[in-house]
Amino acid sequence: MTPVPVTRRDFLSAALLAPAAFAFQSGARLIGTVALGNPGGAPVPSFGRLLGSGLDARLFTDLSLLGGPAGDPAFRAGSQESAIRVPQSAIDPQSAVRNPQSESLVTPNDRFFVRTAVPSTLTQTAPWTIRVGGLVHTPVDLALTALEPFAARGGRYLMECSGNVDQTNYGLMSAADWEGVPLGAVLDRVRAAASAYRVLVSGVDEEAARPMTSVPGASWIFSRDDLQRALLAVRMNGAPLPRDHGFPARLVVPGWYGCACIKWVDRIKLVADEAPATTQMREFAARTHQSPRAGPRGDGPPAAMPALARDFTPAVIDTAAMPIRVEKWLIEGRLAYRITGIIWGGDRPTNALSIRFRSGQPWVPVDDCPMPASTLTWSLWSHVWRPEAPGRYQIVLRVNDPAIRTRRLDIFFYVREIDIDDV
């Protein structure tokens, strides 16, 4: 196949092609990638490797691998210019298209982020029973083996740690295909003894531990309506849950932060409507936007944390977006940078995404942002950028729809810095 000149219009229309395939078909040349988000030279954590143990454990997902060439060492950040290596699959245009719902956007189990590893006290997982009690007429002990035949595919859901704050990677976020039993079906096994109640879900934890980064006590209290889409998950990406992801059973609440998605579930309890917030709810209150600021304009000191679980707002993920990779291309003899990013969260899809590169510069619409098929997982967007001069830039996103809540974008939470040497 003879390469043909590529225009910027062609480049944008092929934004969701695999980069190697696009280079093969168009003649555009991918030079490499440029490092993102390393303010002050902060060390980047090892990706895909569990660091620490118990409540102090972390495993970071490398988001730059999503839908792009970063899996090839030749294109990792800081790599030298190298020839494009075209896989056989890239020759088939059908295999090159990046569908937001394709398998390329599923995080493999061994790379899915970990915020807390399996407790050292959890040595026996079979037989596994879940106690369903509290304000019920007759408590029951449900054997997981009796529930598993009712497990079904739930969906592809993104999960993000509410403490996903590492500016070098924001890697406490992943997406998987989950299977399990609807939690509503589990709750239907008992009859409530009160007209007003809430649902407490608890999991095994190292209560006697003295961790440095968290507080023991894995539980969250929900309204029944909060749990309409919730799953008691038993499988992840077609395989049994890994131990660090809650085996043999974990709660998955689509669209909620991971702190509410309790792992190693062993107890479900109906509690009074005036039940106090749990230690876990209090620990993550600020990160789940439970402490609004006082004052008529919301610019005063943080208000008091809610004491009762019913006064907590749902720990849902707002619409958010950020860049995950910057590719350096040679197009028509000129350098250009293609920024690939993700958009996720919220309660309704949007593609009204704008981007800017320095404070005070104008916002411009993102070049290619397909309407997401779902807000419960991530979707890709891309933008071609030609910087005006070498230097350090800050890539910031916003949503141009005042009806869509974007609390983290509003405070520039996911800003990524980049140093450009060549223009």
Side-chain angles (χ1 to χ4, degrees), residues 14-22 33 36 47-48 59-72 75-76 87 89-90 92-114 153-161 164 169-179 229 231 233 235-239 241-242 245 252 254-258 261 317-327 338-346 348-351 353 366-383 397 414 416:
L16 295 183
L17 287 178
F22 178 64
T33 59
L36 260 178
F47 292 114
L59 185 149
F60 295 90
T61 296
D62 187 353
L63 301 179
S64 71
L65 298 176
L66 290 172
D72 185 336
F75 299 127
R76 288 197 178 274
S89 62
D92 178 7
Q94 296 301 316
S95 67
V97 174
R98 294 292 179 178
N99 187 321
Q101 296 298 323
S102 73
E103 294 306 310
S104 66
L105 295 181
V106 174
T107 311
N109 289 355
D110 61 347
R111 298 179 189 173
F112 198 99
F113 86 89
V114 174
R153 177 182 170 85
R156 182 167 300 172
Y157 304 133
L158 174 143
M159 196 173 291
E160 181 182 11
C161 176
N164 188 20
N169 66 94
Y170 293 106
L172 294 181
M173 175 166 56
S174 306
D177 291 329
W178 303 92
E179 299 172 47
R229 293 186 297 194
L231 284 178
R235 296 178 67 81
M236 178 180 175
N237 291 333
L241 288 174
H245 294 292
V252 174
W256 286 51
Y257 283 111
C261 298
I317 302 171
D318 286 355
T319 301
M322 70 173 167
I324 57 171
R325 183 177 64 257
V326 177
E327 300 161 4
R338 185 169 74 179
I339 301 158
T340 299
I342 51 176
I343 182 170
W344 72 98
R348 63 186 180 94
T350 181
N351 60 357
L353 200 60
V366 166
D367 287 328
D368 190 71
C369 185
M371 183 66 75
S374 170
T375 63
L376 300 178
T377 188
W378 45 32
S379 299
L380 293 175
W381 56 263
S382 67
H383 185 83
L397 282 299
Y414 296 104
R416 306 300 302 272

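Please read all numbers here as calculations on a predicted model, not as lab measurements.
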Would Asp62 and Asn169 satisfy side-chain contact (heavy atoms from CB on, under 4.5 Å), going step by step from the backbone distance to the final call?
CA-CA 7 Å; Asp62 187 353; Asn169 66 94; over 6 Å; no

Side-chain contact test, heavy atoms from C-beta onward, threshold under 4.5 Å: evaluate it for Asp177 versus Tyr157 and give yes or no.
no

Just wondering, do Leu231 and Glu179 contact through their side chains at under 4.5 Å, heavy atoms?
no

Atom of [X], atom of [Y] and distance for their closest heavy-atom approach:
X	Y	result
Met159	Gly258	CG-CA, 3.9 Å
Ser379	Pro372	OG-CB, 3.5 Å
Leu63	Met322	CD1-CE, 3.3 Å
Leu105	Trp378	O-NE1, 2.9 Å
Pro242	Met236	CD-SD, 3.8 Å
Val252	Ala233	CG2-CB, 3.8 Å

Test of understanding: with salt bridge (charged side-chain N to carboxylate O under 4.0 Å, His left out), list the residues that count as partners of Arg111, not counting sequence neighbours.
none

Which residues share a salt bridge (charged side-chain N to carboxylate O under 4.0 Å, His left out) with Arg229, sequence neighbours left out
none

Using the side-chain contact (heavy atoms from CB on, under 4.5 Å) criterion, which residues pair with [X]? Sequence neighbours excluded.
X	value
Ile317	Leu158, Glu160, Tyr257, Trp344
Asn351	Cys369, Met371
Ala321	Ile343, Leu353, Trp381, Leu397

Residues at least two apart in sequence or cross-chain that pass ring pair (Phe, Tyr, Trp, His ring centres under 6.0 Å) with Tyr170, listed by chain then number, are Tyr414

Please round to the nearest 0.5 Å and tell me the distance separating atom [atom1] of [X] and atom [atom2] of [Y].
X	Y	atom1	atom2	value
Phe113	His245	CZ	NE2	8.5 Å
Asp368	Ile339	CG	CD1	13.0 Å
Leu36	Arg416	CG	CZ	5.0 Å

Check this for me, if you would: do Glu327 and Arg338 make a salt bridge, where the nitrogen-to-carboxylate-oxygen distance has to be below 4.0 angstrom?
yes

Just by modelled atom types, is the Ser64 backbone N or O under 3.5 Å from a matching donor or acceptor in the Arg325 side chain?
yes

Go through the structure and list residues passing side-chain hydrogen bond (donor to acceptor under 3.5 Å, both in side chains) with Ser174, not counting sequence neighbours.
Thr61

side-chain hydrogen bond (donor to acceptor under 3.5 Å, both in side chains) partners for Asn237, two or more places apart:
Asn109

Give the C-alpha distance, both sets of side-chain angles, the deciding distance and a yes or no for side-chain contact (heavy atoms from CB on, under 4.5 Å) between Val326 and Thr33.
CA-CA 6 Å; Val326 177; Thr33 59; over 6 Å; no

Could you give me the CA-CA distance, side-chain angles and deciding distance for Leu65 and Phe47, then say whether side-chain contact (heavy atoms from CB on, under 4.5 Å) is met?
CA-CA 11 Å; Leu65 298 176; Phe47 292 114; over 6 Å; no

